[in-house]
Enquirer: 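One structure coming up, written as C-alpha cells, with questions to follow.
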Amino acid sequence: MRLSVIGCGYLGAVHAAAMASIGHEVVGVDVDERKVEALSRGEAPFFEPGLAEILREGVASGRLRFTTDMAEVRGSAVHFVGVGTPQKRDGYAADLTFVRAAFDGLRPYLSADDVVAGKSTVPVGTAAELAPSISETGAVLVWNPEFLREGWAVQDTVDPDRLVVGIPDGEAGERAAQVLREVFHPSVAKGTPFIVTDYATAELVKVSANAFLATKISFINAMAEIAEVTGADVTTLADAIGHDARIGRRFLGAGIGFGGGCLPKDIRAFAARAEELGQGQSVAFLREVDAINLRRRARAVELVVEALDGAVHGKRIAVLGAAFKPHSDDIRDSPALDVAVQLRGLGADVVVTDPEALDNARRVHPQLEYTDERDDALRDADAVVMVTEWDLYRRELSPEHAASLARGRVVVDGRNGLDAAAWKAAGWDYRGMGRR
Ligand code: NAD
C-alpha cells in the first residue's frame, strides 16, 4: 500500500521505516530539512536500536523516501500524522499547534476515501474537533494511538502488543478500520488484538495507559519515601508485592522516576483536559504522581549532599547517564540531566557521561562538562551518581574498577540498579533510593 507519515521524529521516522520494512511504499514528510536530509540518506537522526538498519534497507529498496514537500503525500491510501504535542509553554495542557498545522498542510492533497490516521497523543476530544476540517475532501479521520517504547520502538511498531483504532460512526469509519487492518496485516494475521472503538475511547486509551504507568512508578517511589523514614527497604518491598500477580513487579523500580517526551507531559495534559471538562477531580491524583516524581530527583541530589557532608561546592561529581532511559538518546525532561543540573547549581564540578545522549545534552545544557568516556568521568571523582541504567554502568562497571579511578568512595544509585552488596564490599559508601 502507499502510505504517508507526517512528522518524522521518534515516532514518525520509526513508523515510516517499519511500514516500509513490512512491504509498504512510504513517504515521510517533515518540516525539519536537516532531519529529512539525514533520513533520505538512510541515516537515523536519533539513536534507536534497529532503526538505522531498516532505514537503510527501506531507502535502498526505493520503498521509503522522505521529503519536506507535503504535495508528495498525494496518492497515499493512508496518511499517518505523528507530529509533536508538547506541553504548552504557559501551562500544563498539550500544545496542538503542530497537529493543526499538519492537518492544514495535508488537507489540499487529500482525496475521497483517503484515510487520515492520527497517531500523536492528543487530549480527548481532539479527533472529533479535527474531523470536520477534512470532511469536505471525502477523506476519513481515524485515531490510531501509538504505544511504542523508545529503545524498543522498532520492535514495538512492527509487532505491537495491541492496535487501537478510533473511528467515526457509520460505514466510512468501518471501511477505514478495514484499511488499517490491511496496513497492519502481519500483526493482524498473527492475532494481535485489534480494537476498533470511537474517537474518545481511542484517545483515552493512550493517555490512561501512560497515566497508569506513571502512577505505578510514583507509587513505588512514594513507598521509597516512606521506606527512607522507617528504615525499610523499597527494593525488597517491591519484590514482595510484585509476586502478587495482580500487582506485578514491572514498573516497580524505585529511583529518580520517569521522564522523557511522553509520560510527564501526557499526565499533565490529561489533568488539564479533565479540568477543562469539569472533571478535574477524577485525575487530581496525577498532580501528586507528578509531584512525587519530581521530588525523587531532588532526593537523589540530597543523598549526594548528605554523603559529602554538605560540602558539594567544588567537588567533582561523575554523573553516569544523561538520557531519560537506556537505549535512547532522548533527553527530553530527563531525570538524569535534571540531577546533574541541580548538582551544578549547588556549585559542584559535574561531569556527565552517556553512550548516546551527549550531543543532545550539550545543546540543551552547555553549562555542564561532558565526556564520551565513562572512565574519564570517573577519574578523580569525589562522588559517583548513576542516573541512567545503561549496562555500561549497571553491569559492566565493577566497583573495584571504579575505585581505581575515583578519588572519593561515595556512590549514589539513582536507579537502584547497582549491586549494592558488591559496591559496599569494595569499600564504597553506597546510597540507593528508598534503601537502607
Ligand atoms: P518529535 O518531536 O521527535 O517528532 C515530531 C516531528 O514532527 C518533528 O520531527 C517535527 O519537525 C515534525 N513536525 C512538526 N510540525 C510538522 C508539520 N506541520 N509537518 C510535518 N512535520 C512536522 O516527537 P515524537 O516523540 O516523535 O512524538 C510525536 C507524537 O507521538 C507526540 O504526540 C507524542 O506524545 C507521541 N508519542 C511519542 C512516543 C515516543 O516514544 N516518542 C510514543 C508514543 C506516542
Side-chain angles (χ1 to χ4, degrees), residues 4-18 27-39 44-49 51 66-73 79-88 93-109 116-124 126-127 130 143-157 160-164 202-203 205-211 213-214 258-270 273 323-325 327-334 360 364:
S4 77
V5 178
I6 324 296
C8 295
Y10 284 92
L11 183 160
V14 174
H15 193 70
V27 58
V29 184
D30 203 289
V31 289
D32 183 335
E33 274 177 30
R34 282 180 49 197
K35 208 174 262 184
V36 166
E37 277 166 21
L39 288 163
F46 50 86
F47 175 74
E48 180 60 48
L51 175 60
F66 294 91
T67 177
T68 53
D69 182 4
M70 190 69 99
E72 295 195 32
V73 307
H79 309 272
F80 290 101
V81 179
V83 297
T85 48
Q87 186 178 332
K88 275 187 175 164
D95 181 351
L96 295 179
T97 312
F98 302 112
V99 174
R100 294 192 213 290
F103 273 73
D104 288 344
L106 183 58
R107 192 179 306 111
Y109 307 107
V116 177
K119 290 199 82 62
S120 302
T121 304
V122 291
V124 57
T126 303
L130 290 170
W143 216 265
N144 170 224
E146 178 57 59
F147 303 97
L148 69 81
R149 299 161 298 167
E150 285 178 24
W152 287 268
V154 172
Q155 180 195 319
D156 288 349
T157 306
D161 49 19
R162 81 288 213 188
L163 289 152
V164 176
E203 291 162 331
V205 167
K206 176 62 195 173
V207 290
S208 61
N210 276 359
L213 294 172
F258 56 83
C262 292
L263 252 51
K265 61 111 175 146
D266 287 351
I267 61 167
R268 290 170 197 156
F270 193 7
R273 182 65 183 135
F324 85 101
K325 68 167 176 180
H327 314 293
S328 175
D329 67 354
D330 196 347
I331 56 145
R332 291 177 289 182
D333 204 346
S334 168
N360 286 337
V364 180

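Ligands are counted one by one from 1 in listed order, and the atoms in each one are counted from 1 as well.
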Enquirer: Sequence neighbours excluded, which residues qualify as side chain to side chain donor-acceptor pair (under 3.5 Å) partners of Thr67?
Expert: Glu72

Enquirer: Once you restrict both partners to nitrogen or oxygen, which atoms of ligand 1 have a protein partner under 3.5 Å, and how far apart are they?
Expert:
unit_1   : atom_1 : unit_2 : atom_2 : d
ligand 1 : 3 (O)  : Tyr10  : N      : 3.1
ligand 1 : 9 (O)  : Asp30  : OD1    : 3.4
ligand 1 : 9 (O)  : Asp30  : OD2    : 2.6
ligand 1 : 9 (O)  : Lys35  : NZ     : 2.7
ligand 1 : 11 (O) : Asp30  : OD1    : 2.6
ligand 1 : 23 (O) : Arg332 : NH1    : 3.4
ligand 1 : 25 (O) : Arg332 : NH1    : 3.3
ligand 1 : 25 (O) : Arg332 : NH2    : 2.8
ligand 1 : 26 (O) : Tyr10  : N      : 3.0
ligand 1 : 26 (O) : Leu11  : N      : 2.8
ligand 1 : 32 (O) : Thr85  : OG1    : 2.5
ligand 1 : 32 (O) : Thr121 : N      : 2.9
ligand 1 : 34 (O) : Thr121 : OG1    : 3.3
ligand 1 : 34 (O) : Lys265 : NZ     : 2.5
ligand 1 : 40 (O) : Glu150 : OE2    : 3.3
ligand 1 : 41 (N) : Glu150 : OE2    : 2.7

Enquirer: Look at the side chain of Glu48 and the backbone N and O of Ala153, then say whether any donor-acceptor pair between them is shorter than 3.5 Å.
Expert: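 Side chain of Glu48 to backbone of Ala153: a pair is present.
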
Enquirer: Ion pair present between Glu203 and Arg273, side-chain N to carboxylate O less than 4.0 angstrom?
Expert: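 Salt bridge: no.
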
Enquirer: Which residues pass the salt bridge (charged side-chain N to carboxylate O under 4.0 Å, His left out) test with Asp95, not counting sequence neighbours?
Expert: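 Partners of Asp95 by the salt bridge (charged side-chain N to carboxylate O under 4.0 Å, His left out) criterion come out as none, since no residue qualifies.
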
Enquirer: Look at the rings of Phe80 and His15 and say which category their plane angle falls in: under 30° parallel, 30 to 60° tilted, over 60° perpendicular.
Expert: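 Answer is perpendicular, since the angle exceeds 60°.
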
Enquirer: Can you sort out the partners of Asp104 under salt bridge (charged side-chain N to carboxylate O under 4.0 Å, His left out), two or more places apart, ordered by chain and number?
Expert: Arg107

